Asker: 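Input: one structure, supplied below.
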Amino acid sequence: MSLILLIEQILNGLQFGVMLFLTAAGLTLVFGVMGLINLAHGSLFMVGAFAAATVAGATGSFVLALAASLAAAAAAGALVEILVIRRLYSRDHLDQVLATFALILIFSEGTRWLFGSFPLYLNIPDYLAGPVTLPGGIQYPLYRLTLIAIGLLVAFGLYLLISRTRLGIQIRAGESDREMIAALGVDISKLYTIVFALGAALAGFAGALVGAIQSVQVGMGEPVLILAFVVIVIGGIGSIKGALIGSLLVGLTDTLGGVLLPEFFKLFMDNASATSVGSSLSTMLIYILMAIVLVMKPTGLFGAKA
Amino acid sequence: MKRETMINALLALGLLAVPLWALIADEPFYITLATRVAIFALAGVGLNIAIGLGGLVSFGHAAFFGLGGYAMGVLASHAQSYTPMMEWPFLIEGSNSMPVIWITAVIASGLAALVIGALSLRTAGVYFIMITLAFGQMLYYFTISWPAYGGEDGLSIYIRNGFPGLNTLDPIQFFAITFVILGLALVFSTLLAKSPFGLALNAARQSSERVETIGITPYRLRLTAFVISGMITGLAGALFADLNRFVSPTMFSWQTSGEIMVFIILGGTARLFGPVAGAALFIALEQVLGGLSDYWHIYLGLLLLCVVLFARGGIIGTLAGEEARHD
């Protein structure tokens, strides 16, 4: 295996990781601040992708499509929070899991009813299409490189939001003591709606960005949701920093494992069985990683509370 | 007689009456539906031991359901092709006898539950939910990418496996098998809840610290409950595979875990007959709403949402009108 191929795969892993981060950030914020497990987070990812594909189809503008994905997912998130989610904060996790599982059914079938079962396509805009040459002569798709940059920018933006703004102070205060900040006159239910809509918007944004690489279809959110769960469990629930590190770990492990494990088994097996053993193991690798992290640190790498 | 006991008796009679009526009316389709209810209810009875009695919200019971299914698929496919499963170090042949398959399914899912439980129970709360989910997904992806037993396409078995003295291809006889097993599981689950073990487990769910101070280790209780729970759900998986004569990775999917949970919640968490009521309602809705609209999952979702938000005790809780014994 050549070094160039390896670097390409590392970049792919990074790209996958930062997109996971956009989804996982919302999930971990909602859990950290409101103590809620939201299975419907993947549906918001899907809503963003569908909104982007529809707007891009109508106007032809990728930037407008991204704006639409943010707006649609934030609106869907706020609506769901006001109608359903806010009744669940005081419930136990079992009720939360079930109610948001019900929301997935409603979102998925509703989208299928509106858009049909056939996938939609979202094209990469011309100015981002094609490869660029990186130092060392590596050809890499410009769009994927842009995704990495956007993801890191959003991560930095979130860091500033949480550490430097009034909203960020309220979010952090809400995480540590919600009664106290309500007593200090912060409108807690408005804060919850804002946090939920923010998480939803990030997930929808990720859906639109990833939708240009894959196809946009019903059910695209659930695999991402499960991976985002793995990420926040590894990183520690409620920690944005944990989500970032967890995402990159999961992204790199998954991508590199798929490439390196079959190669590794080829050292002492014949080609066909090395490929089959290697690829079976590599699909399980991130779950093995998660199990190892949890056995060593039951609350994740940066988790404070169980 | 308590109201809940009456409802339970009515449910058991109803589950028996539908296939008997279908037999007389010559509508074998309804016998198959009742068989599905019995099997799903059995899976739910298994999960209810973990969730209702032990307070362990496992979102990965599809792992055991799927392992039970694949125990049947693997054994029966070897019997079907007359190839041994393993020749070294000792010879293991395939099998198409239900009792052998059930024992294999129960042992396989029990061992898996032991490993998954031992690791997962180190965590609690939301971490436990997610790590069980992750283990389920791990097995799901493993079966998809492992080509020896059909991979993504699954395995078809041409003839339903046999049970000594019965013709399992006759729908009513197969129903009788599932009904008896469900009945046994319900009796077992009642006895378990009343046993010293069940009482200690229930106490550990309510107050872990208190149980610890009197010298009982909650971890061991929970692990045992998790293993028993996984074994029953695994048995249900083997029966489900035999009903369809087909196994596929879908049995391992997280939607399956979610559905088994839905049976319990619809029926009423920690109620003995909760899974029976929930599975019956689920199948009935699937038939009625599925006939009305292709998008019946929307209505299922809305109904589920209403049950969680407004009717917290599920069907049995609402009808019986009193707190669950284990709440």
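Treat the numbers as computed from the prediction; the structure is a model and nothing was measured. Naming: A, B, ... by sequence-line order, numbering from 1 per chain.
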Asker: Take a 6.0 Å sphere around CH2 of A:Trp113 and say whether it holds more than 12 heavy atoms from other residues, nucleotides or ligands.
Answerer: no

Asker: Pair A:Ile37, B:Met130 - check side-chain contact (heavy atoms from CB on, under 4.5 Å), show working.
Answerer: CA-CA 10 Å; A:Ile37 316 177; B:Met130 290 182 186; 3.9 Å; yes

Asker: Going by ring pair (Phe, Tyr, Trp, His ring centres under 6.0 Å), name the residues that satisfy it together with B:Trp146, two or more places apart in sequence or in a different chain.
Answerer: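 Scan of B:Trp146 (ring pair (Phe, Tyr, Trp, His ring centres under 6.0 Å), adjacent residues dropped) gives B:Phe142.
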
Asker: Quick one: what part of B:Ile265 sits under 4.5 Å from any heavy atom of chain A, side chain, backbone, both or neither?
Answerer: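 It is the side chain, since no backbone atom gets that close.
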
Asker: Using every non-hydrogen atom in the two residues, find where B:Gln255 and A:Phe101 come nearest and quote the distance to one decimal.
Answerer: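 Taking every non-hydrogen atom into account, O-CZ, 4.2 Å.
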
Asker: Ignoring hydrogens, what is the shortest heavy-atom contact between B:His297 and A:Glu109? Give both atom names and the distance.
Answerer: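 Smallest heavy-atom distance, with atoms named: CB-CG, 3.1 Å.
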
Asker: Taking atom CG of B:Leu119 and atom CD1 of A:Ile292, what is their separation to the nearest 0.5 Å?
Answerer: 10.0 Å

Asker: Where do B:Gly301 and A:Ala102 come nearest, in terms of heavy atoms and distance?
Answerer: O-CB, 3.3 Å

Asker: Let me know if B:Ile51 has heavy atoms under 4.5 Å from chain A in its side chain, its backbone, both or neither.
Answerer: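 Contact with chain A involves the side chain of B:Ile51 alone.
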
Asker: Can you tell me how far apart OG1 (B:Thr269) and CG (A:Asp95) are? Round to the nearest 0.5 Å.
Answerer: 7.5 Å

Asker: Using a heavy-atom cutoff of under 4.5 Å, enumerate the residues of residues 55-64 of chain B that contact chain A, numbered in order, or state 'none'.
Answerer: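 Residues B:Val57, B:Phe59 are the ones that qualify, each having a heavy atom under 4.5 Å from chain A.
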
Asker: Heavy-atom distances under 4.5 Å only: say whether B:Ile129 touches chain A with side chain, backbone, both or neither.
Answerer: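 For B:Ile129, side-chain heavy atoms alone lie under 4.5 Å from chain A.
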
Asker: Tell me the closest heavy-atom pair linking B:Met261 and A:Leu94, and the distance in Å.
Answerer: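 Closest pair (atom of B:Met261, atom of A:Leu94, distance): CE-CD1, 3.6 Å.
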
Asker: Count the heavy-atom pairs under 4.5 Å between each of A:Ile226, A:Val230, A:Ile288 and chain B, then report the option with the highest count.
Answerer: A:Ile226

Asker: Crowded around A:Phe118 CZ? As in, over 12 foreign heavy atoms under 6.0 Å?
Answerer: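 No, the 6.0 Å shell around CZ holds no more than 12 heavy atoms from other groups.
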
Asker: If you count heavy-atom pairs under 4.5 Å between each of B:Gly125, B:Gly258, B:Gly151 and chain A, which one has the most?
Answerer: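 Looking at each option in turn, the highest pair count goes to B:Gly258.
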
Asker: In the structure I gave you, are the side-chain heavy atoms of A:Ile106 and B:Leu302 within less than 4.5 Å of one another anywhere?
Answerer: yes

Asker: Could you tell me whether the side chain of A:Tyr287 and the main chain of B:Leu139 form a donor-acceptor pair under 3.5 Å?
Answerer: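 Looks like no, no N/O pair under 3.5 Å.
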
Asker: Please report the C-alpha distance between A:Val233 and B:Thr123 in whole Å, then the side-chain angles of each, then the deciding distance to 0.1 Å, and finally whether the side-chain contact (heavy atoms from CB on, under 4.5 Å) criterion is met.
Answerer: CA-CA 11 Å; A:Val233 167; B:Thr123 65; over 6 Å; no

Asker: Using a 6.0 Å cut-off, check whether atom NZ of A:Lys241 has over 12 heavy atoms from anything other than its own residue.
Answerer: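 Not buried by this count: 12 neighbours or fewer within 6.0 Å.
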
Asker: Other residues, nucleotides and ligands only: do more than 12 of their heavy atoms fall within 6.0 Å of CZ on A:Arg172?
Answerer: yes

Asker: Side chain, backbone, both or neither: which part of A:Ile104 has an atom under 4.5 Å from a heavy atom of chain B?
Answerer: side chain

Asker: Among all residues two or more places apart in sequence or in another chain, which pass the side chain to side chain donor-acceptor pair (under 3.5 Å) test with A:Asp254?
Answerer: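 With sequence neighbours excluded, A:Asp254 shows a side chain to side chain donor-acceptor pair (under 3.5 Å) to no residue whatsoever.
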
Asker: With a 3.5 Å distance limit and no angle check, can you tell me whether A:Arg91 reaches the backbone of B:Val308 through a side-chain donor-acceptor pair?
Answerer: yes

Asker: Under 4.5 Å from any heavy atom of chain B, what part of A:Leu281 do you find: side chain, backbone, both or neither?
Answerer: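 Contact with chain B is absent: no heavy atom of A:Leu281 under 4.5 Å.
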
Asker: Which atom pair, heavy atoms only, marks the closest approach of A:Pro298 to B:Arg122?
Answerer: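 A:Pro298 and B:Arg122 have their closest heavy atoms at CB-O, 3.9 Å.
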
Asker: In chain order, what residues pass the ring pair (Phe, Tyr, Trp, His ring centres under 6.0 Å) check against A:Tyr192, with sequence neighbours excluded?
Answerer: A:Tyr89

Asker: Is it true that, when you exclude B:Gln287 itself, more than 12 heavy atoms of the residues, nucleotides or ligands shown sit nearer than 6.0 Å to its CD?
Answerer: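 Yes, CD of B:Gln287 has more than 12 neighbouring heavy atoms, counting only those of other groups under 6.0 Å.
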
Asker: Counting heavy-atom pairs closer than 4.5 Å to chain B, which one of A:Glu222, A:Gln96, A:Arg87 comes out on top?
Answerer: A:Glu222

Asker: Does some side-chain heavy atom of B:Leu305 sit less than 4.5 Å from a side-chain heavy atom of A:Leu98?
Answerer: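 A side-chain contact under 4.5 Å is absent here.
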
Asker: Does OH belonging to B:Tyr149 count more than 12 external heavy atoms closer than 6.0 Å?
Answerer: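 Yes - once you tally the heavy atoms of other residues, nucleotides and ligands closer than 6.0 Å, there are more than 12.
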
Asker: What is the distance from atom CD1 of B:Ile131 to atom CG of A:Leu294, rounded to the nearest 0.5 Å?
Answerer: 4.0 Å

Asker: Check whether A:Leu285 gets within reach of chain B through its side chain, its backbone, both or neither, counting any heavy atom under 4.5 Å.
Answerer: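 A:Leu285 has no heavy atom closer than 4.5 Å to chain B.
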
Asker: Which atoms of B:Phe135 are under 4.5 Å from chain A, going by heavy atoms: the side chain, the backbone, both sets, or neither?
Answerer: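 Just the side chain, heavy atoms under 4.5 Å.
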
